[in-house]
2 protein chains.
Amino acid sequence: MGVTKSQIFTDRQNGLAATFRVLANPARIAILEYIASQKACICNDIVDEIGLAQPTISQHLKELKSIDLISGEIEGKKVCYCINLEKWKEVQQQLNTFFDKTSFICC
Amino acid sequence: MGVTKSQIFTDRQNGLAATFRVLANPARIAILEYIASQKACICNDIVDEIGLAQPTISQHLKELKSIDLISGEIEGKKVCYCINLEKWKEVQQQLNTFFDKTSFICC
DNA sequence: TTTTATTATCGTAATATTGCAATATATAAA
DNA sequence: TTTATATATTGCAATATTACGATAATAAAA
């Protein structure tokens, strides 16, 4: 075999892991931090800012968009990426629920 | 190429991504939730509880231990795994710092 | 000591992920 | 329309991850 056996876990557990997975990459962390640092939506100066090739950045942006963590609006020939604040808060909430629910003292 | 270019990111960004990575697997989520649900430390009934082979569980436990999210105490021929509450809180804090710092309105 | 039960490690197969060059697509500018 | 610029997609090479069987290591029990 060799693939995550998602069938044996709940949708919630799989969803939580999937969210963590999108965040589990330093380039995507850096992209999110950069987008957020520009108060107005800034487009692909991201490619210049981060030290990765344009197709690589484009792919990372696609993944971030796939879970709605960012949105991308087309403006002429440029695209303007922004943090989707609603989803952002939702994810933060989801993670906190996990951490709060799971922390018990045992040993 | 084909590997994450960690050199171009900060230690903080790499560390954050690494933490997310450990959590980015439904089996590890399930293991953490199971360990936490047993108020006293329970050992590898985890293998029975989760539907994965013993070596697989052992490997996941190793990863969780590697970032100190759980501890494993040897008790005779059994090992007792527990949530490391101190680290747990620290990770939750770390993630919240990321989310709080990064959330700005742009679009 | 031998046996048995528990956990860890090794080796390997089956994907999944990361990154980039080449190229396609889309839109503004000339 | 042609050209230039910005972004997305495709295809591929280089790892990384997940899972498990076989086996080793450890310690209690017989």
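Chain identifiers are assigned alphabetically (A, B, ...) following the order of the sequence lines, protein sequences preceding nucleic acid strands; residue numbering begins at 1 within each chain.
- Judged by distance alone, the side chain of Thr102(A) and the main-chain N or O of Phe98(A) form a donor-acceptor pair under 3.5 Å.
- For Val3(B), the side-chain atoms get nearest to dT15(D) when compared with the rest of dG19(C), dT15(D), dT18(C).
- Rounding to whole angstrom units, CG of residue Asp45(B) and P of dT6(C) are separated by 10 Å.
- To the nearest 0.5 Å, atom CD1 of residue Ile29(A) and atom OG1 of residue Thr19(B) are 9.5 Å apart.
- Side-chain N/O atoms of Asn25(B) include one lying less than 4.0 angstrom from OP1 or OP2 on dT18(D).
- Distance Ile57(B) CD1 to dA19(D) C1': 10 Å, rounded to the nearest Å.
- For Lys101(A), the NZ atom counts as densely surrounded, since its 6.0 Å shell holds more than 12 non-hydrogen atoms of other residues, nucleotides or ligands.
- The Ala27(B) side chain lies nearest to dA19(D) when the options are dT27(C), dA19(D), dA8(C).
- Checking Glu33(A) against Ser37(A) by side-chain atom types alone, no donor-acceptor pair falls below 3.5 Å.
- In this structure, of dA28(D), dT18(C), dT18(D), it is dT18(C) that holds the atom nearest to the side chain of Arg28(A).
- Within a 6.0 Å radius of CD in Glu86(A), no more than 12 heavy atoms belonging to other residues, nucleotides or ligands are found.
- Distances were taken from every side-chain heavy atom of Lys78(A) (C-beta onward) to each of dA6(D), dT17(D), dA19(D); the shortest belongs to dA6(D).
- When the P atom of dT7(C) is taken as reference, atom CD1 of Ile31(B) falls 13 Å away, rounded to whole Å.
- Of the side-chain N and O atoms in Tyr81(A), none sit less than 4.0 angstrom from OP1 or OP2 of dA6(D).
- Each of Lys77(A) and Glu63(A) has a nearest nucleotide on DNA chain C; the 5'-most of these lies closest to Glu63(A).
- Using a 4.0 Å heavy-atom cutoff across all strands shown, Leu52(B) reaches sugar-phosphate atoms only and no base atom.
- If you take CD of Glu73(A) and P of dT27(C), they are 15 Å apart, rounded to a whole angstrom.
- With dG19(C), dT18(D), dC20(D) as the candidates, the nucleotide lying closest to the side chain of Lys5(A) is dC20(D).
- In this structure, Glu75(A) reaches neither bases nor backbone, as no heavy-atom distance under 4.0 Å exists between it and the strands shown.
- As a whole-Å value, the separation of Asn14(B) CG from dA16(D) P is 13 Å.
- One interatomic measurement links the two molecules: CD of Gln7(B) to P of dT15(D), which rounds to 13 Å at whole-angstrom precision.
- Regarding contacts with the backbone of dT18(C), every side-chain N or O of Thr56(A) stays at 4.0 angstrom or more from both OP1 and OP2.
- Phosphate contact (OP1/OP2 of dT17(C), side-chain N/O of His60(A), threshold under 4.0 Å): absent.
- Between the CD1 atom of Ile8(A) and the P atom of dT18(D) there is a distance of 13 Å, rounded to whole Å.
- Scanning atom types as modelled, no donor and acceptor separated by under 3.5 angstrom connect the side chain of Gln54(A) and the base of dA6(D).
- Among all heavy-atom pairs drawn from Ala27(B) and Leu52(B), the shortest one is CB-CD1, 3.7 Å.
- The 5' end of DNA chain C is approached more closely, in terms of each residue's nearest nucleotide, by Lys65(B) than by the other of Ala53(A) and Lys65(B).
- In terms of phosphate contacts, Ser58(A) brings a side-chain nitrogen or oxygen within less than 4.0 Å of OP1 or OP2 of dA8(D).
- Residue order along DNA chain D, read from the 5' end via each residue's closest nucleotide, puts Gln59(B) first among Gln59(B) and Pro55(B).
- One finds a side-chain N or O of Arg21(B) lying less than 4.0 angstrom from the OP1 or OP2 phosphate oxygen of dT17(D).
- The CG-C1' distance, from Asp48(A) to dA6(D), rounds to 11 Å in whole Å.
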